[in-house]
Amino acid sequence: MEKTDTNKLIQSMRNKRAALEEAGVNCYANDFKAADTAAKCLHDVDGAIEKGTNFSLAGRVVALRSFGKAAFARLRDYTGEIQVYIKKDRITQDQFLVFKKLDVGDFIGIRGRLFRTKTNEPTIEVDFLELLTKALRPLPEKWHGLRDKEMRHRKRYLDLIMNADVREVFRTRARVLGYIRAFLNERGFMEVETPMMHSLVSGANARPFVTHHNALNIDLYLRIAPELFLKRLVVGGFDRVFELNRNFRNEGISRKHNPEFTMLEFYMAYATYEDLMALTEDMLSGLVRQVHGKYEIRYMGQAIDFTPPFERLPYEEGLKKYARVPDRAFHELPAAVNAALEREVPAQDVATVLLRDMKGPQDTARFEKDPAALVGLANDIAKGLDALGQRTHALGVLHTVFEAYVEDKLQNPTFVVDYPVWVSPLARRKESDPALVDRFEFFIAGSEIANAFSELNDPDDQRERFKAQAMAKSGGDEEAMDFDEDYIEALEYGMPPTAGEGIGIDRLLMLLTDNENIREVILFPLLRPVG
RNA sequence: GGGCCCAUAGCUCAGCUGGUAGAGCAGCGGCCUUUUAAGCCGUUGGUCGAAGGUUCGAAUCCUUCUGGGCUCACCA
């Protein structure tokens with residue numbers, strides 16, 4: 001920044017460094033070895049005082065109250081903070097020069113013994129002081145800290161220095177990742193890493209980022225999901241695999257969306273989505289108890305109870321309960337279209353569903369002005385369909401209602417089970433009702449946290465589903481999947497019955513840390529570059 | 001992408017229906033060897049996000065731009 005040279009505060013700190021260097025002080029010394037930490041010093045204060053234990057520790061000066069010939073400072077390291085007391089007659093003249101030039105923000109190494117001040121605060125009386133790094137910029141103000149959200153995210157290091165609650169969020173994040181890895185490892189899952197750069201877009205419905213490989217002269221997509229690779233590993237005999245890493249989706253940025261986000265995906269052979277519900281209950285209730293010490297958390301002032309078992313809500317029940325969708329609409333396409341329109345779903349969205357299987361780009365906008373034509377279209381399409389086809393389409397239409405009316409009602413942990421096959425191109429059909437799939441989505445506080453299903457392992461059915469996706473893509477649906485021929489081939493070699501699940505880690509962290517913006521749980525969220 | 005809002009000292013913020021910039025903290029100088037937002041005295045510090053416009057005069061009103069926040073849409 002061009003202000004560097006003009007800012008008086010920075011100039012003052014640079015002057016101090018110059019004066020110290022003049023006196024032969026190394027302002028970037030790296031020879032100090034700290035045998036102790038702040039936490040260790042505070043572990044048994046009275047014992048240490050009694051024994052006169054010598055401590056050595058290093059850290060950043062985060063507060064300084066100077067009297068001229070003595071001072072109290074707060075020293076912070078990765079374990080915590082401790083007060084230190086520096087006075088002139090306990091240190092050498094060279095060390096006193098360092099002391100005189102000390103700023104908040106500097107790193108120092110000290111040695112000394114513990115005592116208690118007259119207000120009983122455990123404090124180290126310094127008998128050795130060494131400057132380890134001279135800071136050249138002033139830290140934000142000590143009362144209010146750093147509040148400006150933009151600067152907090154752009155300069156996360158300052159945020160972390162100034163805001164203890166932010167430090168705690170990211171420590172929690174690390175604990176959560178550790179817990180999940182341990183949980184899955186204990187149950188025989190193997191952590192794997194599959195490609196981040198894909199030549200086909202698949203595994204989810206989203207627009208991808210495109211990049212280019214020069215030597216091969218091909219475009220590649222940053223992965224939107226690792227799903228198909230993980231299932232190839234199940235074909236290969238790794239019956240229990242998981243991947244805990246980033247996905248990239250070229251969509252809008254919002255309170256709940258960062259272009260790169262962390263996803264847990266795991267696959268378990270010889271299991272069904274029912275088994276995964278039990279596993280998810282174990283994992284998440286245990287996680288909440290580990291992080292919070294109990295099953296209940298508060299999110300945005302609201303109590304959320306993770307005591308297992310979690311509620312199970314069949315998809316169609318949800319539509320009946322929260323949107324009063326009539327029975328007919330689940331079986332008759334025109335009734336479904338009417339139900340959606342009556343619930344103020346935009347005609348264009350309904351049209352997009354109805355026209356998905358038509359080849360080429362479709363004009364859906366025209367229905368916005370003429371919703372009645374949509375009912376006519378539904379009648380025409382219905383005539384060409386058998387009962388199953390009509391129910392399949394009807395549930396596809398009603399999904400628009402589900403998203404608008406049901407999802408935000410699901411505050412306590414809820415498994416929504418038995419999704420429409422229409423919106424589940426990779427899931428196994430329900431044997432008792434082929435318009436549905438063996439799938440659940442898991443909602444908390446109106447947010448989708450997990451998505452799981454018994455995997456589709458019939459290669460011919462999978463081929464037909466890919467065809468529908470390819471058709472949608474040709475119709476202009478930029479979020480539709482590519483046809484992955486190799487994956488079909490893998491399924492033809494045989495994939496054992498398998499269930500798989502994805503859990504959005506960032507959203508889970510939002511819940512666990514009571515944050516309503518995803519940026520608060522991602523260390524360096526994507527921001528537009530400055531200037 | 002649409003709508004609403006925000007940008008003033010290193011940080012946190014005042015600044016009225018237009019009259020030419022303020023506080024606290026931080027900094028600097030002085031006093032001070034047990035403070036906890038240490039204290040007391042003195043003091044420096046600004047292209048008011050950027051560029052245009054209106055006006056005798058703009059931090060203030062208007063336009064555009066840049067960055068951000070909230071929100072709606074898409075998604076996880």
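Heavy atoms only: backbone and side chains are in, while hydrogens, waters and symmetry mates are out. Letters go in sequence order (proteins before strands), and every chain restarts at 1.
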Residue A:K51 excluded, over 12 heavy atoms near NZ under 6.0 Å
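No, because the 6.0 Å sphere around NZ of A:K51 holds 12 heavy atoms or fewer from other groups.
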What is the base-pairing partner of [N], counting Watson-Crick and G-U wobble geometry with both distances under 3.5 Å?
N: B:G42; value: B:C28
N: B:A7; value: B:U66
N: B:A76; value: none
N: B:C48; value: none

Measure from the side chain of [X], starting at C-beta and using heavy atoms only, and say which of [options] lies closest.
X: A:E251; options: B:C74, B:U33, B:U34; answer: B:C74
X: A:A70; options: B:C13, B:G67, B:U33; answer: B:U33
X: A:N517; options: B:C70, B:U12, B:U33; answer: B:C70
X: A:E448; options: B:A76, B:U12, B:U34; answer: B:A76
X: A:P138; options: B:A76, B:A26, B:U35; answer: B:A26
X: A:K16; options: B:G68, B:G24, B:G27; answer: B:G27
X: A:K8; options: B:U35, B:U12, B:U44; answer: B:U44
X: A:Y85; options: B:A76, B:U33, B:C70; answer: B:U33
X: A:R507; options: B:U35, B:G27, B:A76; answer: B:A76
X: A:S12; options: B:G27, B:C70, B:C74; answer: B:G27

I'd like to know if the side chain of A:D482 and the backbone of A:V201 have a donor-acceptor N/O pair within less than 3.5 Å.
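Yes; judged by distance alone, with no hydrogens or angles, the pair exists.
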Donor-acceptor check, side chain of A:R249 to backbone of A:N205, threshold 3.5 angstrom: yes or no?
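Absent.
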Give the intermediate values and the outcome of salt bridge (Lys or Arg N to Asp or Glu O under 4.0 Å) for residues A:R207 and A:E479.
CA-CA 5 Å; A:R207 295 170 63 176; A:E479 293 171 5; over 6 Å; no
Presence of donor-acceptor pair under 3.5 Å, side chain of A:E121 and base of B:U34
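Under the 3.5 Å cut-off, the side chain and the base do not form any donor-acceptor pair.
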In this structure, how many angstroms lie between the [atom2] atom of [N] and the [atom1] atom of [X], rounded?
X: A:D506; N: B:A76; atom1: CG; atom2: C1'; value: 9 Å
X: A:M13; N: B:C28; atom1: CE; atom2: P; value: 9 Å
X: A:N163; N: B:U12; atom1: CG; atom2: C1'; value: 12 Å
X: A:E150; N: B:C70; atom1: CD; atom2: P; value: 12 Å
X: A:D103; N: B:G27; atom1: CG; atom2: C1'; value: 9 Å
X: A:R113; N: B:U34; atom1: CZ; atom2: C1'; value: 19 Å
X: A:N247; N: B:A76; atom1: CG; atom2: P; value: 11 Å
X: A:I124; N: B:U35; atom1: CD1; atom2: C1'; value: 16 Å

For a quick check of understanding: with a heavy-atom distance under 4.0 Å over all strands, which category does A:R152 fall into, base, sugar-phosphate or nothing?
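The answer is nothing, as A:R152 stays clear of every strand by at least 4.0 Å.
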Students often mix this up, so state it plainly: with edges at 30° and 60°, are the rings of A:Y315 and A:H399 parallel, tilted or perpendicular?
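Parallel: the ring planes of A:Y315 and A:H399 meet at under 30°.
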Can you list the residues that meet the side chain to side chain contact (heavy atoms under 4.5 Å, CB included) rule with A:S285, with sequence neighbours excluded?
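A:S285 satisfies side chain to side chain contact (heavy atoms under 4.5 Å, CB included) with A:Y295, A:P308, A:F310 only.
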B:A38 base stacked by A:F67? Criteria: ring centres under 5.5 Å, plane angle under 30°.
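By the stated criterion, A:F67 and B:A38 do not stack.
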